[in-house]
2 protein chains.
Amino acid sequence: MDIDAAKDNFTKYLKAGNYRITPERFQVLESVLKNDGHFDADGLFLQLKSSGSKVSRATVYNTLELLQDCGLISKYRFGENHSRYEKAFGRPHHDHLICLECGDIIEFVSDKLTKIQTDVCKENEFKSQSSTLQIFGKCKKCQEKE
Amino acid sequence: MDIDAAKDNFTKYLKAGNYRITPERFQVLESVLKNDGHFDADGLFLQLKSSGSKVSRATVYNTLELLQDCGLISKYRFGENHSRYEKAFGRPHHDHLICLECGDIIEFVSDKLTKIQTDVCKENEFKSQSSTLQIFGKCKKCQEKE
DNA sequence: CTCGGTGCAAATGCTTTGCAATGTC
DNA sequence: GACATTGCAAAGCATTTGCACCGAG
């Protein structure tokens, strides 16, 4: 839907930072936009490769960092040994329930949580930039399996 | 203070799980108990080494996992490429403010947060096992530096 | 034409693993 | 004595880096 808006956004970010507009960077962005859930760097690399792109892993990592810096994607570490990303463009902030059994990730939004975070930061005179609440456990489906 | 209680705890856990009581495992536990803040596996290994212990990295990692399973320590991933641990024995649950500038980690406790988490889990029929709220940003000291 | 960006492969850093030796039960 | 646990070094895996080449500005 807002693919063009995302591209515009990225273009502006690149120009503003005096980064070059390269086809590789936009190939990565397009690949990112195809993913609806969470994805990782290597998955994205494979996805690009299978769609005929010749972008290298190095460029994928490099571009993911740029996309994160300009707010188009969010990066997470769900207690695994690799990072996960997801589209952030035009989406409200949300947090995650992570099933340790099946690996499923459930998203949720909580206004109250946002307020608590604001309060905690104020109390500690801390300037928040980003946050993540991760709840690990067992999802409904996996509980029923027993 | 509760060093003996921690050791008891670990002993019981090992026996219950049919794990063997080895000196190496207790050397790791003792080293863990010496640390008041957050520490990582390699730091612990070095600490053990410098105090004359011959425990290997493999054993450190193995034992840290056991200690985590029996609730004596907690494991975190603060967006870095390595895991961090901290004593959990006899401490209330708390969360973290992480300064992206100086790396300082501030702990905080929030009852309201606990309640929200309970509610979110109920709504999603999710069975929580552990959780972590991480707020990344800039601490008071680093804000003043500018 | 300049210098930032790219691909490739090698390097890195944390963590795990394979295996023979060791020590607990 | 059986077999889980250990130390060591090598392997794994995600990510980064060095460098020669390429192409955007």
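Hydrogens, waters and symmetry mates play no part in the numbers below; they use all other heavy atoms, side chains included. Note on naming: letters A, B, ... go to the chains in the order of the sequence lines (proteins, then strands), and numbering restarts at 1 for each one.
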Checking contacts here: which listed nucleotide ([options]) is nearest the side-chain heavy atoms of [X]?
X: A:Pro23; options: D:dA24, D:dT6, C:dT15; result: D:dA24
X: B:Val55; options: C:dT15, D:dG7, C:dG7; result: D:dG7
X: B:Arg20; options: C:dC3, D:dA4, D:dT15; result: D:dA4

Nearest-Å distance, [atom1] ([X]) to [atom2] ([N])?
X: A:Asp42; N: D:dG12; atom1: CG; atom2: C1'; value: 13 Å
X: B:Leu46; N: C:dC14; atom1: CG; atom2: P; value: 11 Å
X: A:His82; N: C:dC14; atom1: NE2; atom2: C1'; value: 15 Å
X: B:Leu44; N: C:dT15; atom1: CG; atom2: C1'; value: 15 Å
X: A:Asn81; N: C:dT15; atom1: CG; atom2: C1'; value: 8 Å

Is it the case that one hydrophobic cluster holds both [X] and [Y], taking links as side-chain heavy atoms less than 4.5 Å apart, direct or via other members?
X: B:Leu14; Y: B:Ile73; answer: yes
X: B:Phe89; Y: B:Leu66; answer: yes
X: A:Tyr61; Y: A:Tyr76; answer: no

With a 4.0 Å limit, can you tell me whether [X] has a side-chain N or O closer than that to the phosphate oxygens OP1/OP2 of [N]?
X: B:Tyr61; N: C:dT16; result: no
X: A:Thr59; N: C:dG7; result: yes
X: A:Arg25; N: C:dT6; result: yes

Comparing B:Ala58 and B:Tyr19 on DNA chain D - which has the more 5′ nearest nucleotide
B:Tyr19

Fit a plane to each ring of B:Phe10 and B:Phe26, take the angle between them on a 0 to 90° scale, and name the class: parallel (under 30°), tilted (30 to 60°) or perpendicular (over 60°).
tilted

Tell me the closest heavy-atom pair linking A:His96 and A:Phe108, and the distance in Å.
N-CE2, 3.7 Å

Please classify the nucleic acid contact of B:Asn62 as base, sugar-phosphate, or nothing, using heavy-atom distances under 4.0 Å.
sugar-phosphate

Here's a test of your reading of the structure: between B:Arg84 and B:Thr22, which maps to the more 5' nucleotide of DNA chain C?
B:Arg84

Of A:Lys54 and B:Arg77, whose closest DNA chain C nucleotide lies nearer the 5' terminus?
A:Lys54

